[in-house]
Undergrad: 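What follows is a structure written as structure tokens; I'll ask about it next.
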Amino acid sequence: MSGTTIDHVARATPPKVARRIKGLSDRAIAWIFVAPTIFLLLAINIFPLLWTIYLSFTNYRANRPNAEVKWIGTRNYERILGDADIWLTMQATAHFLFWTLVLQVLIGFALAWLINQKFKGNDLWTTIIVLPMMLSPAVVGNFWTFLYQPQIGLFNYVVAFFTGADPTSFTMIGDVSLAPWAIVIVDTWMWTPFVMLICLAGLRSIPESIYEAAECDRASKWRQFWTITVPMVLPFLMLAVLFRGIENFKMFDLVVQLTGGGPGNTTTLTSIDLKREAFEKWRTGYSSAYAIILFVTVFGLASIYVKALNKVKER
Amino acid sequence: MKKAHIFAAAMLAAVAAQPAAQARADDLTLCWAAWDPANALVELSKDFEAKTGHKMSFEFVPWPNFADRMLNELNSGGKLCDLMIGDSQWIGLGAEAGHYVKLNPFFEKEGISMGDFIPATVTGYAEWPKNTPNYWALPAYADVVGWTYRKDWFSEPELQAEFKEKYGRDLGVPKTLEELKDIATFFQGREIDGKTVYGAAIYTERGSEGITMGVTNALYNYGFKYENPDKPYDLQGYVNSKGAVAGLEFYKALYDCCTPPGSSDWYMSEDIDAYKSGQVALQMNFAFIWPGVNADPNVGGDKSGYFANPAGPDGHFAQLGGQGISVVSYSEHQDAALEYIKWFAQPDIQAKWTAAGGASAMRSVVEAPDFPDKTPFNKAFLESMAIVKDFWAEPSYASLLLSMQDRVHKYVIAGEGTAQEALDGLVADWTEVFQDDGKM
């Protein structure tokens, strides 16, 4: 807290209160105000993080409170990084993350651009489009399992209508090659409206006068799109990618409901795997190391991304 | 004033006349899975409330979340449950982590004998370590994996003739797993009553325990063993023996040839739905569903038959289900909880339990001369209970189970690798778990 702010707070303090706290320095008063927050941060964020780091070097199991806790050095980290199955879950997560972001950005931006055009029923369409993201992920997962059902599911019949294939000849959530796409489709269906709304905010923040100036300069619509619309919406778009990226990195409920991580481990994302290790197998030390690795990965990627976002904003 | 004195005296007399038990009535909470037998137990427990004055509450959790929810409760030392009807595989953890009260002194004091219960249920639901007289539960609900079949389809003359011509034997209850597969193949994709039907609904679920509870019915009968019978935790050559590999290959072949499309993540409820909606000729499921099938307007009565898991080339076993009832050590009402167990262990209550829709493991109930003919499925139930085998009940059972779910689902459903690779991988996983536990 800067001295100027403290002075400002001191001046704003009512005389009665000021008399009561007379004798305390401004700095001390500032600390009194800040201390509860710092204490809560330490108790809720910092201590658990440090404790997790400590546990990651042990064989601790939360379901065996009486068992001896042994310090095993970096063994948990070595096991995780040397485990081929964990690398497969990382690959599954990367596939899910990449394709959901690509599809949601492209479709979300296209929808926002369409909605931004002035036409009759604009508001109604906006409401209809945002409906999926208002539903609970568990509900969405559950009813998409029915939509993907080969015998009665609508999805297979729609595909069959356009391709001529037998609807019972393929199972979206039971086939190794299709299941990763099945979860991408559902997440895209559910969360594209979120990206659309952020893009819409970006599009509507562009002053009309810029386009008018471009018109005066005889810039084509195509040129206006690439030199005005895209650069000015880009910070919004990058923010949407950051939000969706963080959300999808920890994706759990929707995928568990849809595929349970299967078939095999095809759609077992890291968050599902981590939950199984921590709260089903109760390998607390091992899962702490796993969580630290994921934390470092996300923190590193997010830091790079936020720097890039700030650069785009500064332009 | 005089009236007030008379009223107070009457109240005192009324209070003094209450039975001693009622004077210290407790509120007991019993935790179990949310399913039909649990509703039957709610009704039955009204008798306990009337006799003792204790009030019963119930915490029922759907099967897919049951283990997660209840093991979290136990592991955190929660006081929610006074009585726990926990899965048979929890018994090792319950005993070693101190979640359950050891019942030997109580059984001795109350004259409750484990000899009065089906031996396999005592071993499966109550003992830890296994095959030692250390009891942590009273067998509460006897259950086992068995099969349901469409008796009406099997008895159609045209289908019978076609089957006989194709396989050279009558279309009837299969005696072996290979015969079962033939029947499933025969029905797969067939048109019956204008609908396409399929061979069999089997367990394939990935998330909890489904595919393990299914595949073991094939593995056991082809020669799979959990360990060297003479050397505990010696897995190599038992878990991944040639027979075990053949058993796993059989289960995959059954899944590939004869299950409905989209059945890659099916467990109890999905199998029931497929069977009741007339999609499949055969259904693998725990015996607890049989009363419901029998009463079903579409497939009940004479339309369905029941049989024990068929034999394989190297044995005849079925996967044990069911649970025992334990007193939770963190309960503040342990005396009242023990009273409940004493009440529940009475032969007449056990008989009422079975009649109400439960499944008693008490011998006086299931060995009664009229028991096999009381329902169309009791005979199959008795045959099944005679051949049961259970999964690990070690404290680390969850790790052992999840490894098996992973390995088996990858091979059977995802088609990755070979059966030998899947079981070799399972040996490696289980070895790591036992090494972590200091047992190897």
Side-chain angles (χ1 to χ4, degrees), chain A residues 59 61-68 70 72 75-76 79 83-85 88-89 145-146 148-153 155-156 166-179 255-268 272-273 275-277 279-286, chain B residues 64 67-68 71-72 74-77 93 96-99 189 195-196 198 204-211 255 259-267 270 274 277 279 395-403 405-417 422 425 429 432-433 436-438:
Chain A
N59 68 343
R61 282 170 180 264
N63 65 339
R64 314 252 185 95
N66 303 326
E68 186 194 353
K70 283 185 196 157
I72 55 169
R75 197 169 149 216
N76 285 330
R79 265 184 177 184
D83 187 339
D85 284 344
L88 286 177
T89 64
T145 57
F146 291 110
Y148 280 146
Q149 231 290 327
Q151 294 171 73
I152 55 164
F155 184 87
N156 282 32
D166 176 6
T168 61
S169 64
F170 64 99
T171 56
M172 286 300 291
I173 53 179
D175 188 291
V176 182
S177 55
L178 295 177
V255 177
V256 163
Q257 202 66 36
L258 260 175
T259 64
N265 276 352
T266 315
T267 58
T268 302
I272 298 173
D273 200 30
K275 186 259 180 184
R276 283 187 181 144
E277 292 295 341
F279 300 111
E280 291 180 30
K281 295 184 181 177
W282 290 97
R283 298 166 81 189
T284 316
Y286 179 89
Chain B
D68 260 12
L71 289 177
N72 277 344
L74 292 174
N75 288 326
S76 61
L93 179 72
E96 289 195 15
H99 299 326
K195 267 172 62 179
T196 305
Y198 302 95
T204 56
E205 187 252 9
R206 167 73 179 80
S208 59
E209 57 171 23
I211 199 164
Y255 170 73
T259 53
S263 60
S264 58
D265 196 21
W266 282 16
Y267 197 22
E270 289 83 4
S277 62
Q279 279 187 64
S396 285
Y397 103 92
S399 297
L400 301 164
L401 178 69
L402 290 174
S403 296
Q405 287 284 111
D406 275 4
R407 298 288 177 184
V408 172
H409 208 269
K410 258 190 210 166
Y411 171 66
V412 174
I413 311 298
E416 291 173 10
D429 291 348
E432 193 178 306
V433 172
D436 281 354
D437 285 357

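So you know, we letter chains A, B, ... as the sequences are listed, proteins then strands, and number each from 1.
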Undergrad: Evaluate the criterion side-chain contact (heavy atoms from CB on, under 4.5 Å) for residue pair A:T267 and B:R206; output intermediate values, then yes/no.
TA: CA-CA 11 Å; A:T267 58; B:R206 167 73 179 80; over 6 Å; no
Undergrad: Can you see which heavy atom on B:L402 is nearest to which on A:R276, and at what distance?
TA: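 The pair with the smallest heavy-atom distance is CD1-O, 4.2 Å.
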Undergrad: With respect to chain B, which residue among A:Q151, A:Q149, A:R61 yields the maximal number of heavy-atom pairs within a distance under 4.5 Å?
TA: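 Most heavy-atom pairs within the cutoff with chain B belong to A:Q151.
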Undergrad: Should we say atom CZ of A:F155 is surrounded by more than 12 heavy atoms from elsewhere, each under 6.0 Å from it?
TA: yes
Undergrad: Need one label for A:T266: side chain, backbone, both or neither, based on atoms under 4.5 Å from any heavy atom in chain B.
TA: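 Side chain only.
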Undergrad: So which of A:T171, A:T145, A:T268 has the largest heavy-atom pair count under 4.5 angstrom toward chain B?
TA: A:T171
Undergrad: Identify which part of A:N59 has an atom lying under 4.5 Å from any heavy atom of chain B, answering side chain, backbone, both or neither.
TA: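 No part of it gets close to chain B.
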Undergrad: Before accepting this row, confirm whether a basic side-chain N of the pair A:D85/B:K410 lies closer than 4.0 Å to the acidic partner's carboxylate O.
TA: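 Salt bridge present between A:D85 and B:K410.
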Undergrad: Any salt bridge linking A:R79 with B:D436? Criterion: basic side-chain nitrogen under 4.0 Å from a carboxylate oxygen.
TA: yes
Undergrad: Side chain, backbone, both or neither: which part of B:L93 has an atom under 4.5 Å from a heavy atom of chain A?
TA: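 Side chain only.
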Undergrad: Any luck finding a side-chain donor-acceptor pair between A:N265 and B:R407 under 3.5 Å?
TA: no
Undergrad: Where does B:T204 contact chain A at under 4.5 Å (heavy atoms): side chain, backbone, both or neither?
TA: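 Neither part, no heavy atoms under 4.5 Å.
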Undergrad: Is it the backbone or the side chain of B:E96 that comes under 4.5 Å from a heavy atom of chain A, or both, or neither?
TA: neither
